[in-house]
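Everything quoted here is computed from the prediction, not taken from an experiment.
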Amino acid sequence: MDSGPPLRDIGCFALVARHLSFSRAAAELGVSQPAASQAVGRLERALGVRLFERTSREVRLSPAGKALLPYAEALLESAAAFSAEARRLAAPEGAAVRLAYPPPAGGLAARIARRMARHDPPAEVELCPAGRAAALAALAAGEVTAAVIAAPFPRELTTAARFHVPVGHLAVPAGDPLAGLPRLQPERLARHRVLLPRERPPGGMWARLAARIGPHRQHVVADEIDDFAAALDLVAAGVGLLPTPSLVVTSVRRDDVAFVPLDAGDLRLTYALAWRGERLSAGLMALVRTAQECLWTR
């Protein structure tokens, strides 16, 4: 029986198609760019079609690539569901609930774990720090029970326990003239660079802030900014200024960074507990209830 091309090569094709970039796909896979290119090349030879049209400046899906991409995505989703169901069947009764979360939601994740440990009977929650992209991938693969992710929320996920994190300060290097100001307006940043993520979903906080400050003041530092405490290293190094959530301002103490109130309107990050609706379990329902209780009683 012909088993067809390896799933890893098909997965590489789907990632390159999503990013239209071999380098970004390779980075997400944790392999070198030549390895990603070789995987797509093997797949093209196995299928007898060209999947991408490559130039020195861009990568585009070929007509055959566009036609085959939905099949590749469906195949990968089925393979992920197969593996996840196998893990579920192999897991012992009462196995730990696994919760992915970004660093800004670490306090909530810890409260959930402590409260569930006090349940009768006790329930163990395994905490898995993860940025948005990693958390969504873990949910799709069935590697975590649920994840705390930032808006916008993918349609295929069910969400509950939504909460907002205000972003009302700008982190600046200590000693910078801006550090002595009582409040900052975006118009005062004309000669400064503001650190932003590359991924700015429409309607989200990052997209609205980028529109307010203008393109000439933007400095992209990563696909996403989830770990604000770590990003403060870039501020201290003079790379740029960082819009910072209030909970980071109140929990992080650094001599090389100052936080100045930012007057840029109602900026806030919206988070929620998310999971795949077809994977309901007693552990997941207990996790949702506990997350809601933690938000109501904080």
Side-chain angles (χ1 to χ4, degrees), residues 5-44 46-47 51-62 65-66 68-84 87 98-105 128-144 146-157 195-202 204 206-207 219-228 230-231 234 269 271 274-276:
L7 276 175
R8 63 177 178 274
D9 291 351
I10 297 174
C12 187
F13 158 58
L15 269 181
V16 175
R18 180 192 308 166
H19 296 297
L20 292 180
S21 166
F22 281 88
S23 59
R24 292 179 65 185
E28 187 167 333
L29 288 169
V31 301
S32 66
Q33 183 173 336
S37 182
Q38 291 166 9
V40 171
R42 282 195 303 269
L43 184 60
E44 288 178 326
L47 299 175
L51 299 171
F52 295 100
E53 295 172 352
R54 307 165 177 85
T55 70
S56 59
R57 294 187 176 183
E58 63 179 352
V59 175
R60 292 192 308 242
L61 278 166
S62 69
K66 291 179 181 178
L68 290 172
L69 180 59
Y71 294 97
E73 292 174 335
L75 181 61
L76 293 168
E77 185 173 346
S78 295
F82 175 85
S83 298
R87 284 192 294 271
R98 305 190 77 225
L99 174 64
Y101 66 94
C128 309
R132 177 183 173 85
L136 291 176
L139 281 173
E143 296 169 354
V144 296
V148 178
I149 62 172
F153 308 112
R155 292 181 179 179
E156 67 271 17
L157 299 181
L195 307 181
L196 295 176
R198 181 175 290 103
E199 302 295 339
R200 303 170 207 160
W206 290 114
H219 182 64
V220 175
V221 293
D223 285 346
E224 56 189 25
I225 299 178
D226 277 319
D227 193 343
F228 286 87
L234 300 177
L269 293 166
Y271 293 92
W275 66 93
R276 296 188 69 90

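Annotation for L76 and L7: closest pair CD2-O, 3.9 Å, computed over non-hydrogen atoms. When all heavy atoms are compared, the tightest approach of V220 to P197 is CG1-C, 4.2 Å. When all heavy atoms of L20 and V59 are compared, the pair lying nearest together is CD2-O, 3.5 Å. Counting all heavy atoms, side chain and backbone alike, L139 lies closest to A147 at CD1-CB, 3.8 Å. Minimum interatomic distance between L269 and W206 (heavy atoms only, all atoms of both residues): CD2-NE1, 4.1 Å. Residue A26 comes nearest to A36 through the heavy atom pair CB-CB, 4.0 Å, listed as atom of the first residue, atom of the second, then distance.
Of the possible polar contacts, none joining the S37 side chain to the Q33 backbone as a donor-acceptor pair under 3.5 Å is found. In terms of modelled atom types and a separation under 3.5 Å, the side chain of R132 and the main chain of A150 share a donor-acceptor contact.
Scored by the side chain to side chain donor-acceptor pair (under 3.5 Å) test, S62 finds no partners at all (sequence neighbours excluded). With sequence neighbours excluded, the residues that form a side chain to side chain contact (heavy atoms under 4.5 Å, CB included) with L29 are C12, L15, V31. The side chain to side chain contact (heavy atoms under 4.5 Å, CB included) check on A137 picks up nothing, with sequence neighbours excluded. Every side chain to side chain donor-acceptor pair (under 3.5 Å) that R98 has, sequence neighbours left out, goes to E126. Scored by the side chain to side chain donor-acceptor pair (under 3.5 Å) test, E199 finds R24 as partners (sequence neighbours excluded). Legend: residues meeting salt bridge (Lys or Arg N to Asp or Glu O under 4.0 Å) with R276, ordered by chain and number and at least two apart, are E77, E278. In this view, R54 and F22, V40, E44, R50, F52 satisfy the side chain to side chain contact (heavy atoms under 4.5 Å, CB included) rule, not counting sequence neighbours. For the salt bridge (Lys or Arg N to Asp or Glu O under 4.0 Å) test, residues two or more places apart in sequence or in another chain that qualify with E53 are R60. Judged as a ring-ring contact (aromatic ring centres under 6.0 Å, His included), and not counting sequence neighbours, F228 has no contacts. With sequence neighbours excluded, no residue satisfies salt bridge (Lys or Arg N to Asp or Glu O under 4.0 Å) with E224. A130 pairs by the side chain to side chain contact (heavy atoms under 4.5 Å, CB included) definition with A100, A134, A135, not counting sequence neighbours.
Between L99 and V144, the closest side-chain pair of non-hydrogen atoms is not below 4.5 Å. Within the 4.5 Å cutoff, side-chain heavy atoms of D226 are placed close to those of P103. A heavy-atom distance below 4.5 Å is not found between the side chains of V16 and L51. In this structure, P129 and Y101 have side chains that are in contact, with non-hydrogen atoms separated by less than 4.5 Å. Proximity of L61 to F13: side-chain heavy atoms (C-beta onward) are separated by under 4.5 Å at one or more points.
Atom CD of Q38 and atom OG of S32 lie 7.0 Å apart (nearest 0.5 Å). In this structure, CD1 on I225 lies 10.5 Å from CZ on R198, to the nearest 0.5 angstrom.
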Quiz item: Is there a side chain to side chain contact (heavy atoms under 4.5 Å, CB included) between E156 and L136 once you walk through the steps?
Solution: CA-CA 11 Å; E156 67 271 17; L136 291 176; over 6 Å; no
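Pairs passing the salt bridge (Lys or Arg N to Asp or Glu O under 4.0 Å) check and including a residue from residues 7-17, sequence neighbours excluded, read D9-R42.
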